[in-house]
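Positions are given from 1 along the sequence. In each ligand, atom 1 is the first atom listed, and ligand 1 is the first ligand listed.
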Amino acid sequence: MFNIVIFGKPGSGKGTQADFLKNKYDLYHISTGDLFRKNISNKTKLGLEAKSYLDKGDLVPDSVTIKMLENEVLSNKDVNGYIFDGFPRTLNQAESLDSFLVSINLKINATIALDVNENELISRLLDRGKINNRSDDQDIEKIKNRFNEYNTKTSILIDFYQKQDKFFSVDGKGTVDDITSRLFDLVDSLI
Ligand code: AMP
């Protein structure tokens with residue numbers, strides 16, 4: 001089993017790159033953002049609970065998010081590894097993920113951050129918002145709030161994973177292919 005966390009600010013390309021990593025290393029891709037959006041469009045109880053947070057660009061409370069993530073792992077156990085995309089995003093989520101994985105005899109092998117500056121991300125997100133209908137990609141204030149959530153709650157995870165010697169940063173600028181090959185080189189050197 002090889003389990004990867006991919007993180008980065010909104011628009012850094014986590015979802016796109018997680019898909020390439022999933023295919024190349026035969027991993028199961030779990031995107032908490034996608035899970036929330038699926039629940040919102042299916043109007044489930046979880047979706048109704050999460051919607052107002054996504055609409056504003058706020059993080060969904062840990063209690064809801066952690067349970068959803070654990071259920072997704074437990075419902076998909078017969079896999080070669082997981083790629084966690086957009087989770088964890090808080091210290092509490094990271095600590096819960098570690099203890100949850102220990103409880104099922106697993107661990108995180110590597111955490112990879114995609115590094116892109118905020119000005120580049122704003123123009124990527126506004127472009128993406130024109131085609132994907134996501135309200136949180138169409139409004140500059142919501143985008144800035146998502147950066148603020150990242151800077152105040154998620155960036156501390158760098159230190160958390162550095163202390164475990166599991167943190168790697170990859171330059172997230174350039175073409176999609178360039179970034180994919182940087183990621184493949186890194187993962188190849190780790191497995
Ligand atoms: P993403 O698709 O990863 O950009 O996530 C979109 C939105 O889903 C975020 O702005 C949050 O509202 C919510 N979300 C996704 N993952 C998490 C998480 N791990 N913790 C809390 N909220 C999350």
Side-chain angles (χ1 to χ4, degrees), residues 3-22 27-74 76 82-101 108 111-116 118 120-158 160-161 172 179:
N3 302 309
I4 302 175
V5 170
I6 186 156
F7 74 96
K9 291 181 185 171
S12 58
K14 300 185 298 288
T16 306
Q17 297 298 339
D19 248 357
F20 288 118
L21 289 164
K22 165 192 111 172
L27 304 173
Y28 187 77
H29 177 192
I30 301 181
S31 156
T32 41
D34 285 351
L35 287 175
F36 283 130
R37 283 184 289 276
K38 198 162 81 186
N39 275 281
I40 290 170
S41 58
N42 292 338
K43 298 198 166 57
T44 66
K45 186 167 165 277
L46 176 79
L48 294 174
E49 225 173 324
K51 188 174 184 314
S52 63
Y53 297 96
L54 273 88
D55 282 348
K56 286 185 278 203
D58 288 343
L59 292 186
V60 179
D62 282 348
S63 53
V64 177
T65 310
I66 291 168
K67 210 177 321 135
M68 176 179 78
L69 185 281
E70 293 183 356
N71 284 338
E72 186 68 9
V73 170
L74 293 174
N76 297 280
Y82 298 93
I83 178 152
F84 298 103
D85 157 10
F87 186 96
R89 263 169 148 112
T90 64
L91 188 57
N92 183 26
Q93 289 180 16
E95 288 169 346
S96 303
L97 181 61
D98 274 0
S99 47
F100 168 65
L101 290 177
I108 295 298
T111 305
I112 308 173
L114 288 172
D115 183 30
V116 188
E118 289 188 5
E120 157 96 23
L121 291 173
I122 291 174
S123 67
R124 280 192 198 177
L125 287 167
L126 292 172
D127 281 348
R128 188 169 86 176
K130 288 181 195 145
I131 47 176
N132 70 1
N133 248 341
R134 273 179 64 172
S135 71
D136 61 344
D137 281 350
Q138 291 166 352
D139 177 329
I140 187 88
E141 289 311 314
K142 291 180 186 177
I143 291 174
K144 288 197 171 149
N145 187 38
R146 287 156 73 204
F147 289 159
N148 186 47
E149 290 285 69
Y150 182 93
N151 292 328
T152 55
K153 297 176 185 164
T154 309
S155 62
I156 43 170
L157 299 186
I158 297 174
F160 178 80
Y161 286 113
I179 302 160

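- Checked for salt-bridge contact, Asp34 and Arg37 meet the test: a charged N lies under 4.0 Å from a carboxylate O.
- Distances below 4.0 Å separate heavy atoms of Arg134 from the following atoms of ligand 1: 2 (O), 4 (O), 6 (C).
- In terms of protein heavy-atom proximity, atom 16 (N) of ligand 1 is closest to Thr32 OG1, 2.8 Å.
- The shell of residues lying under 4.0 angstrom from ligand 1, judged by heavy atoms, excludes Lys51.
- In this structure the side chain of Phe100 never reaches within 4.5 angstrom of the side chain of Ile66, judged on heavy atoms.
- Those atoms of ligand 1 with a heavy atom of Thr65 less than 4.0 angstrom away are 18 (C), 19 (N), 20 (N), 21 (C).
- Annotation: side chain of Thr65 is in contact with side chain of Phe36 (closest heavy-atom distance under 4.5 Å).
- At least one N or O atom of Arg37 sits closer than 3.5 Å to an N or O atom of ligand 1.
- At the top of the distance list for atom 20 (N) of ligand 1, counting protein heavy atoms only, stands Gln93 NE2, 2.9 Å.
- Considering backbone and side-chain atoms together, Gly86 places an N or O closer than 3.5 Å to an N or O of ligand 1.
- Closest heavy-atom approach to atom 1 (P) of ligand 1 within the set Lys142, Lys153, Arg89: this belongs to Arg89.
- The single protein non-hydrogen atom nearest to atom 13 (C) of ligand 1 is Phe36 CD1, 3.8 Å, given as residue, atom name and distance.
- Among all non-hydrogen protein atoms, the one lying nearest atom 22 (N) of ligand 1 is Val60 N, 3.0 Å.
- Between Glu149 and Thr154 the shortest side-chain heavy-atom distance does not fall below 4.5 Å.
- Just one of Ile30, Leu21, Asp19, Asn3 meets the side-chain contact (heavy atoms from CB on, under 4.5 Å) condition when paired with Ile83; it is Leu21.
- In summary, the atoms of ligand 1 found under 4.0 Å from a heavy atom of Asp58, numbered by their order in the structure, are 11 (C), 12 (O).
- Here the side chains of Leu125 and Phe147 are in contact, with some heavy-atom distance below 4.5 Å.
- Under the 4.0 Å criterion applied to side-chain N and carboxylate O atoms, Asp139 and Arg146 are not assigned as salt-bridge partners.
- Here is the list of ligand 1 atoms found below 4.0 Å of a heavy atom in Gly33: 2 (O), 5 (O), 15 (C), 16 (N).
- Proximity of Asn132 to Asp137: side-chain heavy atoms (C-beta onward) are separated by under 4.5 Å at one or more points.
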